[in-house]
*Asks:* 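The structure follows.
Please read all numbers here as calculations on a predicted model, not as lab measurements. Convention: sequence-line order gives letters A, B, ...; per-chain numbering from 1.
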Amino acid sequence: MDFQGVIVHWYKENKRDLPWRKTKDPYRIWLSEIMLQQTRVEQGLPYYQKFTAAYPTVFDLAKAQEEEVLKLWQGLGYYSRARNLHTTAQEIAYNYKGTFPNGYDALKKLKGVGDYTASAIASICFNRPTPVVDGNVYRVLARYFGIAIPINSTEGIKYFKALAKELILKDQPGDYNQAIMEFGARQCKPQSPNCKLCNLQNSCVAFAEGKMGELPVKLKKTKVKKRYFNYLIITDNEKTILQQRKNKDIWQNLYEFPLIETSKEVEIEHIAGHDTFLKLIHGNAYNIRLFNEELKVHKLSHQHIYTRFWIVTLHGKLKSGTVIEKVKDYPVPVLIANFVEDFGF
DNA sequence: AAGGCGGGGTG
DNA sequence: CACCCAGCCTT
């Protein structure tokens, strides 16, 4: 049996029972593909369930408020996916009368839909021979064919896409695409691939040369930036202050407490004398204390955020603000959600 | 071509 | 700790 035959056969024997594999509804396939970008199936699955329950059709998603969509997305990360998801739902609902385009080119024009996702939808929903090349496919092909071209170089991207195009089974493109991805996720795993029980063992270049650990080749590591966040929990024991992040930075459009970002750790005097703090206090009497003696480190893949939460209790009443009981209704970063939980608002 | 964008799992 | 995940967008 050839490479594709083994892959598809393995898939039929080993594929997981996942909800988006029971449908060819482009709305649900699109939703699942967006959620699974840079995200493991096990992490995305509960979100898929929540979204399909809350928004059974693309019209339901289109009608929702962005804030509600972000709240449902909370914890899944890469929040531009949620914002683009909402935008594209409105595009499909109102400009396409609810019907997704059925070809690669038109699909790729949708916000948040790139080469991978357009190929996935076109093959799974519309039986088009458009090959997907995700992290799993890069790994399987690099190992099996012994290709050392860096997968994130311009040359590598072109090379692997062309190879995937040669390999795709035109009579079952959707199944083949899903098969090679599932094979990469479960059999040809990044660490400790299960070569011992692999039907491609005999013909796999990486296995023959013992290079499973060296393939695929990837250029440069991400270097991590350090940031120092000081959150001000201003409260009169009835209300607090929440703000929406609007800058082009992490967590765009999510909510958080007023923030003083500094270039290094700072002490209480720095906070109490800061312009941002003084404007919020507005001359009122207050008491301030540090919630966490230990610096809280929130790790993102590209930055480490060292955080202090300052509890500022006002003696007077806040004129405007968010009722404390409502804080949990806002979409917030996990860092904030964890604090709210620990603090017991 | 390079950098930014989350959060969690694995070894 | 490093690496990676059903990638995409902006500059």
*Asks:* Taking the side chain of A:S192 as heavy atoms from C-beta outward, which of B:dC5, B:dG11, C:dA6 is closest to it?
*Replies:* B:dG11
*Asks:* Check if the side chain of A:R139 and the base of C:dA6 share a donor-acceptor pair of N or O atoms closer than 3.5 Å.
*Replies:* no
*Asks:* Taking the side chain of A:Y78 as heavy atoms from C-beta outward, which of B:dC5, C:dA6, C:dC4 is closest to it?
*Replies:* B:dC5
*Asks:* Which listed nucleotide (B:dG6, C:dG7, B:dC5) is nearest to the side chain of A:Y116?
*Replies:* C:dG7
*Asks:* Looking at C:dA6, B:dG8, B:dG6, which one has an atom nearest to any side-chain atom of A:V41?
*Replies:* C:dA6
*Asks:* Would A:D275 and A:K279 pass as an ion pair if we require N to O under 4.0 Å?
*Replies:* yes
*Asks:* Which residue, A:N152 or A:G75, contacts DNA chain B at a nucleotide closer to its 5' end, judged by nearest heavy atom?
*Replies:* A:N152
*Asks:* When A:Y231 is tested against each of A:F343, A:Y255, A:F309 for ring-ring contact (aromatic ring centres under 6.0 Å, His included), which residue passes?
*Replies:* A:F309
*Asks:* Once you apply a heavy-atom cut-off of 4.0 Å, does A:I34 come out as touching a base, just sugar-phosphate, or nothing?
*Replies:* nothing
*Asks:* Picking from C:dA6, B:dG4, C:dC8, which would you name as closest to the side chain of A:L36?
*Replies:* C:dA6
*Asks:* Nearest-Å distance, NZ (A:K189) to P (C:dC5)?
*Replies:* 13 Å
*Asks:* Looking for any heavy atom pair under 4.0 Å, which part of the strands does A:S80 touch: base, sugar-phosphate only, or nothing?
*Replies:* nothing
*Asks:* Answer yes or no: does a side-chain N or O of A:T117 lie under 4.0 Å from OP1 or OP2 of C:dC8?
*Replies:* yes
*Asks:* Can you see whether A:N247 engages A:D249 through a side-chain donor-acceptor pair at a distance of less than 3.5 angstrom?
*Replies:* no
*Asks:* Would you please say whether a donor-acceptor pair under 3.5 Å links the side chains of A:Q303 and A:R227?
*Replies:* yes
*Asks:* Which part of the nucleic acid does A:E42 contact within heavy-atom distance under 4.0 Å: base, sugar-phosphate only, or nothing?
*Replies:* nothing
*Asks:* How far, in whole Å, is C:dA6 from B:dT10 if one measures between their P atoms?
*Replies:* 12 Å
*Asks:* Work out how far the P atom of B:dG6 is from that of C:dT11, and round it to whole angstrom.
*Replies:* 15 Å
*Asks:* Taking only the side-chain nitrogens and oxygens of A:Y138, find out if one of them lies under 4.0 Å from OP1 or OP2 of C:dG7.
*Replies:* no
*Asks:* Pick base, sugar-phosphate or nothing for A:V132, based on heavy-atom distances below 4.0 Å to the nucleic acid.
*Replies:* nothing
*Asks:* Could you give the CG-to-P distance, from A:L254 to B:dC5, as a whole number of Å?
*Replies:* 14 Å
*Asks:* Take atom CD of A:Q37 and atom P of C:dA6, then tell me their distance rounded to the nearest Å.
*Replies:* 12 Å
*Asks:* If you assign each of A:L18 and A:Q191 to its closest nucleotide in DNA chain C, which residue comes earlier from the 5' end?
*Replies:* A:Q191
*Asks:* Whole angstrom is fine here: how far is it from CD1 in A:I151 over to C1' in C:dC4?
*Replies:* 10 Å
*Asks:* Could you check whether A:D115 gets within reach of a base, just the sugar-phosphate, or nothing at all, counting any heavy atom under 4.0 Å?
*Replies:* sugar-phosphate
*Asks:* Nearest of C:dC1, C:dG7, C:dT11 to any side-chain atom of A:K248?
*Replies:* C:dT11
*Asks:* Just checking, any donor-acceptor pair under 3.5 angstrom between side chains of A:Y144 and A:S203?
*Replies:* yes
*Asks:* Does A:H302 have a side-chain nitrogen or oxygen under 4.0 Å from the phosphate oxygens OP1 or OP2 of B:dC5?
*Replies:* yes
*Asks:* Which one, B:dC5, C:dC4, B:dG11, comes nearest to the side chain of A:P190?
*Replies:* C:dC4
*Asks:* Taking the side chain of A:M181 as its heavy atoms from C-beta onward, which of C:dA6, B:dG7, C:dC8 lies nearest to it?
*Replies:* C:dA6
*Asks:* Would you please confirm or rule out a distance under 4.0 Å between OP1 or OP2 of C:dA6 and any side-chain N or O of A:Q178?
*Replies:* no
*Asks:* As a test of reading the structure: which of C:dC5, B:dG7, B:dC5 is closest to the side chain of A:W251, going by heavy atoms?
*Replies:* B:dG7
*Asks:* Can you check the A:L45 CG to B:dG9 C1' distance for me, whole Å?
*Replies:* 16 Å
*Asks:* Does C:dG7 have OP1 or OP2 sitting under 4.0 Å from an N or O in the side chain of A:Q38?
*Replies:* yes
*Asks:* Salt bridge between A:E238 and A:K317, side-chain N to carboxylate O under 4.0 Å?
*Replies:* yes
*Asks:* For A:L219 and A:H298, find the nucleotide of DNA chain B closest to each by heavy atoms; which residue's nucleotide sits nearer the 5' end?
*Replies:* A:L219
*Asks:* When the P atoms of C:dC9 and B:dG8 are considered, how many whole Å apart are they?
*Replies:* 24 Å
*Asks:* Starting at atom NZ of A:K299, determine the distance to atom C1' of B:dG9, rounded to an integer number of angstrom.
*Replies:* 14 Å
*Asks:* Specify the separation, in whole Å, of atom CH2 of A:W73 and atom P of C:dC8.
*Replies:* 12 Å
*Asks:* Salt-bridge test for A:E33 and A:R28: reply yes if a basic N is under 4.0 Å from a carboxylate O, no otherwise.
*Replies:* no
*Asks:* Let me know, please, whether A:G112 or A:Y11 comes out on the 5' side of the other along DNA chain C by nearest nucleotide.
*Replies:* A:Y11
*Asks:* In whole Å, what is the span from the NZ atom of A:K218 to the C1' atom of C:dC4?
*Replies:* 6 Å
*Asks:* Using only heavy-atom distances, decide whether a donor-acceptor pair under 3.5 angstrom links the side-chain of A:R40 to the base of C:dC4.
*Replies:* yes
*Asks:* Mind checking A:R83 for me? I need base, sugar-phosphate or nothing, with any heavy atom below 4.0 Å counting as a touch.
*Replies:* nothing
*Asks:* Does any non-hydrogen side-chain atom of A:I233 lie less than 4.5 Å from one of A:V312?
*Replies:* no
